[in-house]
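Counting starts at 1 for both ligands and their atoms, following the listed order. Just so it is clear, the structure is predicted and the values come from calculations on it, not from any experiment.
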Amino acid sequence: MNYEEIFKTIPSHVTLVAVSKTKPVEDILAIYNKGQRVFGENKVQEMCDKQAQLPTDIQWHLIGHLQTNKVKYIAPFVTMIHAVDSLKLLQEINKQAQKNNRTIDCLLQFHIAEEETKFGLNKDEAIELLESSEFQELKNIQIRGVMGMATFTDNTSSIRKEFGALVDQFNYLKETYFSNQPSFDTRSMGMSGDYEIAIEEGSTMVRIGSLIFGTRMV
Ligand SMILES: *Cc1c(COP(=O)(O)O)cnc(C)c1O
């Protein structure tokens, strides 16, 4: 599949994040020249190196786990941070955004897969974060929605169930904490192998790498 073919399968209300991790700037530029402006990376150093070499109208999304001590490197330019899973990280993003005189869009990462991983919030943890007085003080971040990754499996019904669970979390947070904030509108779910299911289940943002750029060596 090529970029145009994939792009055609994505409805206009869904944002395509082209995940360019491990791929050279030439490959990114080729997709950029076809009109793509939103790119996703999962490593801070790699994203900074590429950002410095590529057109300034690219919107960079950090989609991977982010360590607090690295926020300062991306704060001047990052458009969205997908994998926020602690108050501590959110406080650091707020602090660095403030230093750069900007507001940074963030998504709360939820743990929806069966697989054991230390990343991602559950519902109680999200509630605790959003109800904390420390959270209320943060003025330079904007929570735009949720992000999650389904189990890596061929079992489409379990993938569907996991995406459905993420949409349930989104709806709960929307009603409870963000009902008067239209900017809380993003459900980042779906990758190369499962983005069509994700869109059927209500994704508004898909993160597609290997299908666009080819398989990764690492
Ligand atoms: C690598 C990555 C993707 C894209 O994966 P593909 O299977 O290559 O589409 C999406 N989301 C996250 C968080 C990733 O790390």
Between [X] and [Y], is there a donor-acceptor pair closer than 3.5 Å when you use the side chain of the first and the backbone of the second?
| X | Y | value |
| --- | --- | --- |
| Arg102 | Ala75 | yes |
| Asp85 | Leu121 | no |
| Glu46 | Lys21 | no |

**Message:** Taking Lys8 first and then Glu4, would you say they form a salt bridge - that is, a charged N and a carboxylate O separated by under 4.0 Å?
**Reply:** no

**Prompt:** Got a salt bridge between Glu200 and Arg160, using NZ or NE/NH1/NH2 to carboxylate O under 4.0 Å?
**Reply:** yes

**Prompt:** Taking all atoms of both residues into account, what is the closest heavy-atom pair of Lys139 and Asn94, and its distance?
**Reply:** N-OD1, 3.2 Å

Note every protein N or O atom lying under 3.5 Å from an N or O atom of ligand 1, pairing the names and giving the distance.
{"residue": "ligand 1", "atom": "8 (O)", "partner": "Ser210", "partner atom": "N", "Å": "2.8"}
{"residue": "ligand 1", "atom": "8 (O)", "partner": "Ser210", "partner atom": "OG", "Å": "2.9"}
{"residue": "ligand 1", "atom": "8 (O)", "partner": "Arg216", "partner atom": "NH1", "Å": "2.8"}
{"residue": "ligand 1", "atom": "8 (O)", "partner": "Arg216", "partner atom": "NH2", "Å": "3.1"}
{"residue": "ligand 1", "atom": "9 (O)", "partner": "Ser192", "partner atom": "N", "Å": "3.0"}
{"residue": "ligand 1", "atom": "9 (O)", "partner": "Ser192", "partner atom": "OG", "Å": "2.6"}
{"residue": "ligand 1", "atom": "9 (O)", "partner": "Gly209", "partner atom": "N", "Å": "2.8"}
{"residue": "ligand 1", "atom": "11 (N)", "partner": "Arg207", "partner atom": "NE", "Å": "2.9"}
{"residue": "ligand 1", "atom": "15 (O)", "partner": "Lys21", "partner atom": "NZ", "Å": "2.7"}

